[in-house]
Structures are given as structure tokens and as C-alpha cells.
Amino acid sequence: MLKIIAFYLMCVFIVFSADRGLILSTPDSLSSIPIMELENRVVNGYKISVVKYQDHMVSFAEFLKRSDVVLVTGFTQGVAASSSGSGIKMINNIVWGVSSIITASPAIKTISDLNNKKILVPFAGSPLELQMIAISRKNEALAGIKLEYAPMQQMGGLLLTGRADAAAMPEPVASRLLSSDKFHKVAAVADLWGQINGGDVRSPQISVFIKNVDSVGGTDTILAINRELDAIIDDINKNKEKYARKYASVFNLSQKEMLSAINGTIYLSVHGSRLEEKSKDYLFKIGRGEMFSKSMFIAE
């Protein structure tokens with residue numbers, strides 16, 4: 001029984017249940033604010049409750065075993081699972097940029113100063129690693145960078161001790177470090193992406209996946225969830241200070257840090273054919289075009 005309870009505390013999913021309820025389990029991160037805003041709303045007749053998790057791998061493994069789950073996770077992780085034959089579908093992408101390159105070195109002021117330097121990313125095969133590789137192949141100033149791996153909670157210490165020159169890290173970790181005068185921001189990863197993407201800084205980062213349409217009550221429920229996310233994200237982008245006040249204590253940040261983190265995150269609700277088009281373009285640009293499949297998307 002304790003193992004079952006522990007699993008529900010860790011995992012991320014939306015469960016379709018017979019009592020007209022949807023449980024949205026979502027990563028315990030800043031990217032989840034749009035999902036957290038759905039708490040207690042009634043969507044297409046289903047009351048929503050939200051559960052947050054810490055471990056992507058555990059939640060994803062459980063999702064693949066179940067038929068009644070909708071998963072909120074990283075774009076590339078979900079796409080990789082779909083391309084492996086799982087048949088899962090993507091219904092939305094809610095975050096399109098969330099990371100910055102941070103350093104503690106006074107000598108590193110611009111992107112050009114990073115050439116031939118050691119830059120940390122969270123883990124091998126991570127979305128940040130794939131994106132930084134793609135950027136370095138097209139940006140001569142970064143052609144010589146060396147990517148190494150470190151858990152995000154250790155990156156600040158490694159930068160301070162000089163064991164790494166810079167680190168690519170997501171919000172709110174980046175803004176928490178930047179609140180100290182020991183660190184400074186070299187560039188937003190989204191801006192670097194825009195330089196090799198025709199000026200468009202957006203890239204899919206956090207997505208919503210389902211096993212099949214029937215598992216969540218049909219297409220009407222999916223469309224209703226997407227309409228809610230459209231409205232919520234529009235409000236976040238128009239009222240960032242309001243959301244900074246509301247969520248600062250949730251993430252143990254000051255309001256100033258929280259506002260910085262929200263400003264460093266690109267929230268956008270994208271679904272249907274537009275999501276398919278953007279996903280295909282991104283996968284080919286990062287050298288993972290073989291993972292694209294039209295069957296992964298739901299027509300609207």
C-alpha cells in the first residue's frame with residue numbers, strides 16, 4: 001500500500017476516472033504553472049485535480065503500462081517513446097523555451113567567450129544537450145564548446161569552483177542563481193535557437209501526451225483542455241506579476257526571482273496541425289527527424 005501511495009506522489013499523469021474526475025499530475029517545476037491553474041476547474045464535465053511529481057523516468061514508465069493516463073513530460077522524451085512504437089499521442093505543447101546559459105566567470109561576457117569552454121547540461125541525451133549540439137553546429141562562436149553532465153542542483157557549485165565554465169539550466173534554477181552577484185547570464189538558449197531558426201526563438205519543451213483518445217473521454221475533452229490552456233497561458237503572459245506573487249512561495253523564491261523565472265519561460269499553448277508542423281521542424285533541426293510521425297498528432 002505504501003508503494004502505491006509513493007508512486008502517486010512521484011508520477012505525472014492525468015487519470016480519467018468513472019466519477020467524472022481528471023487528475024492532472026505534472027512536474028514539480030515552473031513549467032507546470034498552466035497545469036496547476038487547472039486545479040478544481042470543471043472541463044467538459046470532468047472536475048480536475050492536480051498532483052505534482054519529481055521523477056520523469058518513473059512517471060513515464062508507469063504511463064506506458066496504463067491505458068487511462070495522460071502524461072505531461074518533456075517533448076523529446078515523449079516523442080522518443082512514441083517513435084519506439086508505443087502509439088502515444090501529443091495533444092499540446094505548453095512551454096517553448098525555459099533555459100539560460102549561466103556562468104560565474106568574469107571573463108565570460110558574451111557567447112564568443114564560450115568557444116572551447118566546458119558547458120554543463122543536465123544529462124546525456126537531455127533536451128538541452130540535443131539543442132546545444134544543434135546550436136553549436138550552426139553557430140561558429142560555439143563550434144568548439146565541450147558539453148559535460150551534472151545534476152542541476154550541483155551546477156552552481158561546479159561553476160563557483162571553476163570545474164566548469166558555464167551551465168545550461170532551466171528556470172527557476174537559473175533565476176535563483178542569478179539572484180546572487182556571483183553569477184551572471186550569458187544568453188537565453190531560446191535566443192541562440194532563434195539565431196539558427198530564422199529568428200523564431202520557440203522550440204517545444206514541455207508536452208502533454210495521451211495513450212489514446214478514448215482514455216480521456218474522447219476528442220471533446222481534449223479540445224476542452226486545450227481551450228482552457230489557451231486562456232490560462234494568455235493570462236499568464238499578460239499578467240506576469242500577478243503569477244509571480246501567486247507562485248513565489250510555492251517554488252520557495254522571492255517575488256523578484258519568480259518574476260525573473262516567468263520572464264525566462266516561453267509559455268504558449270500549441271495544438272493540432274500547428275503543433276505537428278512545429279514539432280516536425282524542430283526534430284529535423286536537432287537531427288532527430290526519424291522520430292517524427294504524423295500518427296503522433298490529433299487533428300482538430
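The first residue of the sequence shown is numbered 1, and numbering continues consecutively from there.
Of the possible polar contacts, none joining the S99 side chain to the A168 backbone as a donor-acceptor pair under 3.5 Å is found. Panel note: side chain H184, backbone I108; a donor-acceptor pair is recorded below 3.5 Å. Distance alone, capped at 3.5 Å, is enough to place a donor-acceptor pair between the T103 side chain and the D165 backbone. Under a 3.5 Å cut-off, the side chain of T265 and the backbone N or O of A261 do form a donor-acceptor pair. Looking only at distances, no side-chain donor or acceptor of D234 sits under 3.5 Å from a matching main-chain atom of D230. In this structure, E171 contributes its side chain and S175 its backbone to a donor-acceptor pair below 3.5 Å. Remark: the backbone N or O of G144 is paired with a side-chain donor or acceptor of N115 at under 3.5 angstrom. Side chain of S136 to main chain of M132: a donor-acceptor pair is present (N/O by atom type, distance under 3.5 Å, no hydrogens or angles). No donor-acceptor pair closer than 3.5 Å links the side chain of K182 to the backbone N or O of A104.
Residue K256 qualifies as open at atom NZ: its count of foreign heavy atoms under 6.0 Å is 12 or below. For E300, the CD atom is densely surrounded, since the number of other residues' heavy atoms within 6.0 Å is greater than 12. Heavy atoms of other residues, nucleotides or ligands lying less than 6.0 angstrom from NZ of K240 number more than 12.
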Practice problem: Kindly indicate, with the supporting measurements, whether the criterion salt bridge (charged side-chain N to carboxylate O under 4.0 Å, His left out) is fulfilled by K117 and D113. | Solution: CA-CA 8 Å; K117 296 294 193 296; D113 298 325; over 6 Å; no
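When hydrophobic residues (I, L, V, M, F, W, Y) are linked wherever their side-chain heavy atoms come within less than 4.5 Å, the members clustered with I102 are L120, M152, M155, L158, L159, L160, M169, V173, L177, L178, F183.
Cluster membership for L192 and I133, using ILVMFWY side-chain heavy atoms within less than 4.5 angstrom, is shared. Hydrophobic clustering, with ILVMFWY side chains joined whenever heavy atoms are under 4.5 angstrom apart, keeps V95 apart from L259.
Between L283 atom CG and T76 atom OG1 the span is 8.5 Å, to the nearest 0.5 Å.
In this structure, Q77 and P127 approach most closely via the heavy-atom pair OE1-CG, 3.7 Å. In terms of heavy-atom proximity, V201 sits nearest to I266 at CG2-CD1, 3.9 Å. Nearest approach of I225 to V43, heavy atoms of both residues: N-CG1, 3.7 Å.
Scored by the side-chain contact (heavy atoms from CB on, under 4.5 Å) test, K294 finds E276, F292 as partners (sequence neighbours excluded). With sequence neighbours excluded, the residues satisfying salt bridge (Lys or Arg N to Asp or Glu O under 4.0 Å) with R202 are D200. Checked against side-chain hydrogen bond (donor to acceptor under 3.5 Å, both in side chains), S207 has the following partners two or more places apart in sequence or in another chain: N93. For the salt bridge (Lys or Arg N to Asp or Glu O under 4.0 Å) test, no residue two or more places apart in sequence or in another chain qualifies with E257. Judged as a salt bridge (Lys or Arg N to Asp or Glu O under 4.0 Å), and not counting sequence neighbours, the contacts of K285 are D281. For R176, the side-chain hydrogen bond (donor to acceptor under 3.5 Å, both in side chains) test picks out no residue, with sequence neighbours left out. Evaluation of the salt bridge (Lys or Arg N to Asp or Glu O under 4.0 Å) rule for K246 yields E37 as partners, not counting sequence neighbours.
Residue pairs that meet the ring-ring contact (aromatic ring centres under 6.0 Å, His included) test with at least one member in residues 101-140, sequence neighbours left out, do not exist here. Evaluation of the ring-ring contact (aromatic ring centres under 6.0 Å, His included) test over residues 258-284, restricted to residues two or more places apart or in two chains, returns F75-Y282, W193-Y282. Residue pairs meeting the ring-ring contact (aromatic ring centres under 6.0 Å, His included) criterion with at least one partner in residues 219-255, sequence neighbours excluded, do not occur; the list is empty. Counting only residues at least two apart or in different chains, side-chain hydrogen bond (donor to acceptor under 3.5 Å, both in side chains) contacts with residues 140-154 comprise E129-Y149.
With 3.5 Å as the limit, one finds no donor-acceptor pair spanning the side chains of Q205 and S31. With no hydrogens or angles considered, a side-chain donor-acceptor pair links N92 and N226 at under 3.5 Å.
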